[in-house]
Amino acid sequence: MSRTLLALAAALAWAGPAAAQPAITAAMPYPTQLRMRGLEDAPQLLVTGRQDDGRDVDVTAAATYAVSDPKVARVDAAGRVFPVGNGTAEITATVGGHTVRVPVTCADMDRALPINFANQVVPILTRLACSSGGCHGKIAGQNGFRLSLLGFEPQFDYENLLKEGRGRRVFPANPEASLLLTKATGQAPHGGGKKMEPNGEEYKIVRRWIASGLPYGSPTDPTVTRVSVYPETRVIDRKGRQQLAVYAHYSDGTTEDVTRRAQFESNDTEVATVSESGLVNSLNVTGQAAVMVRYQGNVTVFRAVVPRPGAAPAFEFAARTVVDGHTAKKWRDLGIAPSDLCTDEQFIRRVTLDLTGTIPDAAAVVAFAADRDPQKRDKLIDRLLETPEYAYFFANKWADVLRVKRRNQANRAAGTFAFHEWIREAVATDRPYDQFVRGIITASGDEHRNPPTFWFREVATPENFVDDVSQVFLGQRLACANCHHHPYEKWTQDDYWGLAAFYGRVGKKTVAIPGQQNQGQQGGRQVIFTKTAGSVTNKRTGGVADMRPLEGESVKLGAEDDPRAKFADWMTSPKNPFFAKAVANRYWAHFFGRGIVDPLDDMRVTNPPSNPELLDALTKDLTDNNFSLKALIRTICRSRTYQLSSTPNEFNSEDKASFARYYPRRLQAEVLFDAVGRLTSSPAGFAGLPADRHAPSRAIMLPDESFTSYFLDVTGRPQRISACECERVNEASLAMSLHLLNSNDVQDRIARAGGRADALSRDPRPDADKVTELFLLAHARRPTAEQLRVAVEHIGRATTPAAKKQAYENVVWALLNSKAFLFNQ
């Protein structure tokens, strides 16, 4: 029998009998009635079936449709309703023996309704990708024709269509001869290819607009205020489908079905894809996918939950903190089960690395595992939060995104050291997060008296202010809105420059430092102060930007007011929908390797949280505890969810975002550097680092990026160029692997006289005890019987002191290059 046939036979043997599909017990239409105006109004009708297991499923395509009066309307197989003539009728949809009835009214079929360029033509150009960044929407346009990106500036598009190119693009006297139509239908050469079908829906609308005399629309015409999607969320079986319906809500209170004019995009195409018509198809992977829906600069999202097939596994998961109830609910929704709890040895290594950036020593691992106190894990967390290493490790984390950066300029050294020490002290004393941020945003004075003013060395312009504040403290990436409407969010240029305006009165001056020139340094100490007047120009309008927080009202100030203080009041308020949620998500990502919203600083509407209830609970926990970050850490680390094993089970092996198991993570650069030093007993010093009374010089203590280290660079240390945590690289690389395997730097540390290998080779204890100690230090566990046998036999073959030292070097080298050492598990 061929291998192919054997594989097929095995697959069939494992497949088992096909699962019986739940029966449909009821059917429900949406909407429950239809009112259509004009021949172009063709809404989507959805039919939902209620299964006997209580779940709702889309049966739109499975239903059969009939219309009581075919002269009024017709329905296609996908459930889309097309008007035919004036009148009323009834649509019947039948599925699984159940029939639903939807009354329909059609009006104004015999007259041409007024057309609005922004509401009807621009969405077509956007949907057909004419105004995309790869076509006419890019900054230089395409082949002499430019549109605004994604149609965000209809007036700009209107002017270009009518007036540029000597008016050749549109020809009201003969609409069919317009270049806009001949190129889009492929009748004339077009670099973008064919976009429309002659006599298709898009063609008819654009042609009617041209034939109507190219109206822009009346100033009193309604505008789109928001879009909605139905359904908003749905559980879809693998290989299932869900048709969406999209509605534009207008300023006059009316609603219009715009499903066929909206744009759709899935954020996880391994879980679900979406067609141009809004049909979501789930694939053969358990998980969640968010489908972005965009129409005229407004966005919303549909969430698809694809559970594991088969009966949901039963599991008991007693909640220890607010985290656990929400994660357990998500696992039940997905039909998966959590892994077992990690061992005590795994826990002490995991939490010590996560809280202090340090691998625990062998004696601590043994003592913790032997401790019978049921509260020992909670007590360990509390002890670690009070260590100097915790303060240094998290100061390093904040220094990355706050861009504590010397740029190899001697006159900036004092500022970086002072700002880093200010951050470290704030972390150590658990300064409330709102006060911590306020101290940075509103800092005035010089770096010596008020170290957070150093932040303004990097945040030197209004644009820097918006980009850094929004990304670090609000979890919003607003940089796109500097030049155009955000393509995946609701934020406009006016929103961007409204935030920038709070920077308008920031004043800066340089004060000379006595003796500085004699030291060969340039410049002096920067002083930050508030000016009595100052403004920022809105790039879109060319006028003064209106000072306004996101989703807030305009702010008016007196000459004596500091706009940054008003901004800090808004930002740090517990009612702010972004501030506390952003840091809760940031800290969750630190402990789990990915955020509830991921990427962690891209918390847009179209990138929704994988577990919204969990994120809300963490946010409330933070604000209820007066913005204590230590309290937030305790809530996370004390949870059973954080303490799960990293070993997957049969139910959660495909889990990527529901945290049903711990996701192993490679140690970050500074932590790995220090871990190598601890394992080899060869700590490395850094020139220029001030002596510290608490701990020896370690990489996690470094205040800025200027300390030369190829090891740190090759293992992903960021240069703090941006405020994005994505600048740090924690993935393994070939260069990193080669450096650990055979670089002189690592080999010298392993072989150092007086190092761990040298000391163990001269230690009189049995080799088995010493090898066990090495494993406990490197992996926080004892070696297996086979590992112990191989290591002891290797060492036992050494017949001279030098050979024995070399044998221990080999064991250390092997442990140092193991995944169990390089990853936090």
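Since the structure is predicted, the reported quantities are computational estimates derived from the model, not experimental observations.
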Does the side chain of [Y] come within less than 4.5 Å of [X]'s, by heavy atoms?
| X | Y | value |
| --- | --- | --- |
| L478 | Y496 | yes |
| L629 | D430 | yes |
| P360 | R349 | yes |
| H739 | V746 | yes |

With a cut-off of under 6.0 Å to the ring centre and 45° to the axis, is [X] in cation-pi contact with [Y]?
| X | Y | value |
| --- | --- | --- |
| R586 | F394 | no |
| R594 | Y663 | no |
| R350 | Y662 | yes |
| R781 | F775 | no |

Looking at [atom1] of [X] and [atom2] of [Y], how far apart are the two atoms once the value is rounded to the nearest 0.5 Å?
| X | Y | atom1 | atom2 | result |
| --- | --- | --- | --- | --- |
| Q719 | D704 | CD | CG | 10.0 Å |
| F627 | L632 | CZ | CG | 11.0 Å |
| L672 | R666 | CG | CZ | 6.0 Å |
| Q476 | D602 | CD | CG | 8.0 Å |
| S639 | F317 | OG | CZ | 7.0 Å |

Do we see a donor-acceptor contact under 3.5 Å between the side chains of [X] and [Y]?
| X | Y | value |
| --- | --- | --- |
| R698 | T358 | yes |
| Y642 | D324 | no |
| T327 | T641 | yes |
| T429 | R431 | no |
| S682 | R752 | yes |

Are [X] and [Y] within salt-bridge range, i.e. N to O under 4.0 Å?
| X | Y | answer |
| --- | --- | --- |
| R403 | E727 | no |
| E670 | K397 | no |
| K329 | D333 | yes |
| D378 | R634 | no |
| D361 | R678 | yes |

- line: Taken in chain and number order and not counting sequence neighbours, the residues that satisfy disulfide bond (SG atoms under 2.5 Å apart) with C724 are C726
Any donor-acceptor N/O pair, [X] side chain to [Y] backbone, under 3.5 Å:
| X | Y | result |
| --- | --- | --- |
| R303 | V291 | no |
| N585 | L600 | yes |
| K376 | F368 | yes |

- prompt: Parallel, tilted or perpendicular: which fits the ring planes of H590 and Y587, with parallel below 30° and perpendicular above 60°?
  reply: tilted
task: Could you label the plane-to-plane angle of the H420 and Y392 rings as parallel, tilted or perpendicular, counting under 30° as parallel and over 60° as perpendicular?
output: parallel
query: Looking at the rings of F436 and W455, which for Trp means the six-membered one, are their centres under 6.0 Å apart?
result: no
- prompt: Does Q747 CD have over 12 foreign heavy atoms under 6.0 Å away?
  reply: yes
